[in-house]
Amino acid sequence: MTSTSLLRFCALASIVVSACNGPTPASSRAEQAPFDLDATRQFIAKQNARFTQAHLAGDVAVIDSMFAPDAKSFPPGADAVTGLQAIHDFTVEYIKAGLTEFREESTDFYGDNDLVVDAGIYVVTYGPEHVTERGKYLNVWRKLNGTWKIQSNIWNSDAPLPTPQR
């Protein structure tokens with residue numbers, strides 16, 4: 001086989017292979033839309049408002065729906081709570097404290113199309129003595145099947161730690 005024949009054969013083989021693959025579907029050609037941090041921040045702010053209102057109303061179903069199936073929660077002074085059922089059980093007990101005020105204010109927000117971090121401060125008032133606690137929180141949101149869910153959350157009080165007795 002001459003070099004010219006070999007080149008023709010390779011060119012023909014390339015055309016045949018390309019034709020067998022067929023056209024690329026439009027859906028796989030479409031580029032993913034660029035991540036819009038501001039729009040995501042606005043969406044998460046609305047979710048945070050739902051989260052706080054659900055706590056005040058005692059709507060555990062709404063709270064449950066906001067967590068990823070394998071979510072973890074890290075409450076102050078307690079072990080981590082892992083998974084929807086454990087988070088549900090913890091939330092039921094938490095709400096029994098009688099929340100009368102619950103506010104969150106985002107102070108830091110960053111991330112990408114898969115994970116975003118919302119950090120901020122909170123105020124919660126609870127119990128028959130109306131104890132008010134101020135502190136900070138951090139929520140990691142993960143996009144699952146196109147929907148943002150809380151993957152991890154942690155919060156803790158700004159109250160000073162007790163000093164040990166000597």
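The shown structure was predicted, so the numbers you read here are calculated from the model rather than taken from an experiment.
Once rounded to the nearest 0.5 Å, the distance linking CZ of Arg142 with OG of Ser152 reads 9.0 Å. A distance of 12.5 Å separates NZ in Lys46 from CG in Asn48, rounded to the nearest 0.5 Å. Rounded to the nearest 0.5 Å, atoms CG (Asn113) and OG1 (Thr40) are 7.0 Å apart. Atom CG in Asp118 sits 11.5 Å away from atom CH2 in Trp148 (nearest 0.5 Å).
Between the side chain of His55 and the backbone N or O of Phe51, at least one donor-acceptor pair lies under 3.5 Å.
Using modelled atom types and a 3.5 Å distance limit, the side chains of Tyr137 and Asn156 yield no donor-acceptor pair. Counting only N and O atoms by type, the side chains of Glu133 and Tyr122 include a donor and acceptor under 3.5 Å apart. For the residue pair Thr125 / Thr100, no side-chain donor-acceptor distance below 3.5 Å is found, with atom types taken as modelled. No side-chain N or O of Gln151 forms a donor-acceptor pair with one of Asn139 less than 3.5 Å apart. Under 3.5 Å, the side chains of Gln85 and Asp89 contain a donor-acceptor pair of N or O atoms.
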Step-by-step side chain to side chain contact (heavy atoms under 4.5 Å, CB included) determination, Phe43 to Gln47: CA-CA 6 Å; Phe43 178 80; Gln47 292 298 90; 3.6 Å; yes

Steps toward side chain to side chain contact (heavy atoms under 4.5 Å, CB included) verdict (Phe74, Asp79): CA-CA 7 Å; Phe74 301 92; Asp79 291 335; over 6 Å; no

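Between Arg103 and Glu105 no salt bridge is recorded (no basic side-chain N to carboxylate O distance below 4.0 Å). Electrostatic pairing of Asp158 and Lys136 counts as a salt bridge here, judged by a charged N lying under 4.0 Å from a carboxylate O. Of the charged side-chain nitrogens involved, none lies within less than 4.0 Å of a carboxylate oxygen, so that Asp112 and Lys143 do not count as a salt-bridged pair.
The number of heavy-atom neighbours closer than 6.0 Å to CG of Asp108, taken from other residues, nucleotides and ligands shown, is above 12. For Lys149, the NZ atom is densely surrounded, since the number of other residues' heavy atoms within 6.0 Å is greater than 12.
Cluster annotation: Leu84 is connected to Val81 through the hydrophobic network of ILVMFWY side chains, with a link wherever side-chain heavy atoms come within less than 4.5 Å. Connection of Val62 to Ile44 is established within a shared hydrophobic cluster, with ILVMFWY side chains joined at heavy-atom distances below 4.5 Å, either directly or through further cluster members. Hydrophobic cluster membership is shared by Val124 and Val92, with clusters built from Ile, Leu, Val, Met, Phe, Trp and Tyr side chains linked at under 4.5 angstrom. Residues Ile150 and Val140 do not share a hydrophobic cluster, defined by chaining ILVMFWY side chains whose heavy atoms lie under 4.5 Å apart. Connection of Leu56 to Trp155 is established within a shared hydrophobic cluster, with ILVMFWY side chains joined at heavy-atom distances below 4.5 Å, either directly or through further cluster members.
Taking 4.5 Å as the limit, some side-chain heavy atom of Phe109 sits within range of a side-chain heavy atom of Leu37. Under the 4.5 Å side-chain criterion, counting only non-hydrogen atoms from C-beta, Val123 is in contact with Glu101.
The shortest heavy-atom contact between Ala86 and Thr82 is CB-O, 3.3 Å. The heavy-atom pair separating Tyr94 from Leu99 by the smallest distance is CE2-CD1, 4.0 Å. In terms of heavy atoms, Gly111 sits closest to Phe35 at O-CE2, 3.5 Å. Minimum heavy-atom separation, Thr107 to Gly120: OG1-CA, 3.3 Å.
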